[in-house]
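Below: the structure, in C-alpha cells.
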Amino acid sequence: MHNPVKQATDQLEALIQAAAKSAMEDGSLPSCELPDFVVEIPGDTKFGDFASNVAMVSARAFRMAPQKIAQVILDHLNFSDSLFVRAEVAGPGFLNFFLAPRWFGSVLECIAEDGDAYGRSDYGKQEKVMIEFVSANPTGPMHMGNARGGAIGDCLASAMDAAGYDVTREFYVNDAGNQIEKFAKSLEARYLQIYKGEDAIEFPEDGYHGEDIKERAQEFAGLHGDKYLNVPDQERRQALVDYALPRNIQKLHDDLEKYRIVYDVWFRESTLHESGAVNEAIEALKKRGLAYESEGAVWYKATEFGAEKDEVLVRQNGNPTYFAADIAYHYNKFAVRAFSRCINVWGADHHGHVARLKGAMDAIGLDGSKLDIILMQLVRLMKDGEPYRMSKRTGKSITLGDILEEIPIDAARFFFNMREAGSALDFDLDLAVEQSSQNPVYYVQYAHARICSIEKKLAAEKIAYDPAKAELQKLTEPGEIELIRRLAGLPGEIIEAARSYDPARLTHYAIDVATLFHKFYNACRVVGEDTGLMQARIMLCMTTRQVLRNVLRLLKINAPETM
C-alpha cells in the first residue's frame, strides 16, 4: 500500500538531515543535535510543493540567523536520485522544495497498482479499538441525534480500519434498570386503557408517551386479548416487556441495517447484572476505599477524582444505578475484552458524564485517558429555509425512520458527516434530495459517473486504455498537477480522520477531488493526436475514479456509473 506524500516527506526529512550533517562536518554549521523540525505541504503550493521550518527552529542551537542557516542547508542539499529537483530560501528562513515531475506520474502508478486498497495504511499498527455509538434506548424509536451519531461512528470506524486499527463497532443495549421499569409501566397503562378507557387508567407521569408504546400495547392485545387484565401487576408488566422489548431491539437492528450500519457486537446491559459484574465493580471500589454507605445507599467517592459531588452506586431500594452499570460495562471493555482504547459517541447533553466516567476508570484501577468521548452537537433540520420540527407519523420528534423515508440514504450519510461532531449541523432537507451540483453528494457521485461515461465514450470510439503507453511526464498543466496532488493525499486524509476522530475530513476530501476533476476535464482535452498524452490523461481519469470510489466506499455511499 502506497502513500506518495509520506514517501516524499520521509525522503525530504532525510535529505535535510544529511545536508545539515554535511554542513557540520565541513564547519559551515557548528556541531550539535538538529532540533525537531516540520516538513509539510504549504497552503499555497505556487511557492513550493513542500516547505520546512528547519532553519527557524535551529536558530538557538546554531546561534545563527535562520536565513543564514537556511542558505547553508540549501548549499549542502544533494537532490540526485531523489524526488526533488530544487529548493529556495523564502521569507525569514523557510526552505521551499520543488518536486521532480516524475513524482506526479508515480502517484498515478501507485493508485493504479493499489486499486481498491489505495488509501489504506498500517498507521494504527492493529491497535485494538472499540467504537460504541448510537446505543439508543430500546424503549422507543431512534431520533435525529442517533441519525447523526450513526453516520459519524460508522464512518469513523471505517476510517480507523483503513488506517490500520483493529476496530470493533458496538451497540450497548440498555435492557435493564430504571428505563425498563418505566417502559413496563407505560406499556401496562396503554394495555389497560384499551379495555378500561383512557380516563379510567392514569398514565405514569414519567412514562413514555410516544405512539410506538400504544402500537406495541395494541399488538399485544391483538395476540393475547384481555388474558392479562386480571393477573398480578408484575406478571402483566413482564409479559408486556417480554413481547415489546425484543421487537423494539429488532427494529433498531433493521433501521440501522437500512442505514448501512452493521455492528460487530450488540452488548446487553442485562448481562452485566446477571453475571454479577455490576456488584463486582461496586465491591472493587469498596476495596479501594472509594465507595461507602450512607442514608441506606452506596456512594462512590467521585470528589476524589475531580467531581463536584459523590455519586450513588446503589439506591436505597437496593437497585444499582445506571452509573454503576456504566462503570461495570467500561471495566468489561478494558479489563475483560482488552481493548486498548475505547471511543464513545455521545450527544452533547452527556457533557457532565464525561469526567465522572473517566474518573471512575482511574478509580477502579484502569486508565481513564484511554476512554475517549466524542461529544456530538445538535442537528437542526431545515426545509424551505425554515427549521423543520414535526414528524408526520408521531406529531412529535423526527425519527431515523422518518429521515430515511424523506431522503436517500446516500445523502443522509454524507450530510451527517459534513461537519465535525463538535459543530452544530443544519441539515437542508431540500438540498439533500436536489439533483444538482449544489447537492454535495450528488456532485461527488456525478464526478464518478462522468468518468464512467468517458470510459464508455472511448470504447465507442474504439480507443483502448493502455497505461503502458501513458507518458505521465506530459501531465504538466496546472489543472492536472493540482488534481494529482490531491489524489496523492488520500492516505494522509484517512490517517488524519482516524487520528483526530473527524470523518468529516473524508466528505470534504471527496468534494475537493470532484471539484478538481471537473476543473481538469473542462480545461484539458482527453482525446487528442498525441497518444502518450492522451493515455496519460485517460490514466488520470481512471485513477481519479478509483480514488472517488475508495472514499465513497469508506462512507458506505454508492458510486453510480450513470446518473
Side-chain angles (χ1 to χ4, degrees), residues 1-100 103 107 119 121-127 129 159-160 163-165 340-341 367 369-370 372 420 485 488-502 505:
M1 295 175 288
H2 296 89
N3 186 338
V5 174
K6 188 176 186 302
Q7 182 193 10
T9 302
D10 290 348
Q11 188 183 97
L12 187 50
E13 286 176 359
L15 288 171
I16 292 169
Q17 286 167 344
K21 184 182 177 186
S22 174
M24 289 180 211
E25 287 172 350
D26 70 12
S28 302
L29 288 175
S31 290
C32 68
E33 190 172 335
L34 193 66
D36 290 338
F37 59 90
V38 173
V39 166
E40 61 187 355
I41 297 173
D44 188 347
T45 52
K46 72 176 178 233
F47 299 115
D49 298 305
F50 283 82
S52 178
N53 67 345
V54 61
M56 315 282 285
V57 298
S58 303
R60 180 173 292 178
F62 292 137
R63 298 179 183 276
M64 198 181 288
Q67 281 183 314
K68 189 172 180 184
I69 297 168
Q71 188 59 53
V72 170
I73 291 174
L74 178 61
D75 293 340
H76 288 77
L77 282 164
N78 180 4
F79 292 124
S80 58
D81 298 322
S82 80
L83 296 169
F84 295 85
V85 288
R86 65 185 179 90
E88 58 187 37
V89 179
F94 284 103
L95 274 167
N96 290 338
F97 298 84
F98 296 83
L99 284 158
W103 179 83
V107 171
S121 70
D122 61 358
Y123 174 82
K125 302 191 182 336
Q126 287 302 297
E127 180 187 352
V129 175
M160 294 192 79
Y165 293 88
S340 66
R341 196 164 11 141
D367 184 353
S369 70
K370 299 289 188 183
D372 291 328
E420 61 181 29
R485 199 191 304 278
L490 178 59
E493 287 292 344
I494 292 172
I495 288 168
E496 190 54 32
R499 192 193 64 77
S500 62
Y501 301 162
D502 183 17
R505 293 187 71 97

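Counting non-hydrogen atoms of other residues, nucleotides and ligands closer than 6.0 Å to CD of Glu33 gives a total of 12 or fewer. Residue Asp36 qualifies as open at atom CG: its count of foreign heavy atoms under 6.0 Å is 12 or below.
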Q.
Between Asn3 and Gln7, does the side-chain hydrogen bond (donor to acceptor under 3.5 Å, both in side chains) criterion hold? Intermediate values first, please.
A. CA-CA 6 Å; Asn3 186 338; Gln7 182 193 10; over 6 Å; no
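When every heavy atom of Val107 is checked against every heavy atom of Pro4, the shortest pair comes out as CG2-CB, 3.8 Å. For the residue pair Pro30 and Met64, the shortest heavy atom distance occurs at CD-CE, 4.0 Å.
A donor-acceptor pair under 3.5 Å is formed between the side chain of Gln11 and the backbone N or O of Leu83. Under a 3.5 Å cut-off, the side chain of Asn53 and the backbone N or O of Val38 do form a donor-acceptor pair. With Gln67 contributing its side chain and Gly91 its backbone, the two residues share a donor-acceptor pair below 3.5 Å.
For Phe94 and Phe47, the ring centers sit 6.0 Å or farther from each other.
Put simply, CG on Leu15 and CG on Leu95 are 12.0 Å apart, with the number rounded to the nearest 0.5 Å.
Partners of Asp122 by side-chain contact (heavy atoms from CB on, under 4.5 Å), not counting sequence neighbours: none found.
Taking the six-membered ring where the residue is Trp, Phe79 and Phe97 present perpendicular rings, their angle passing 60° and hence far from 30°.
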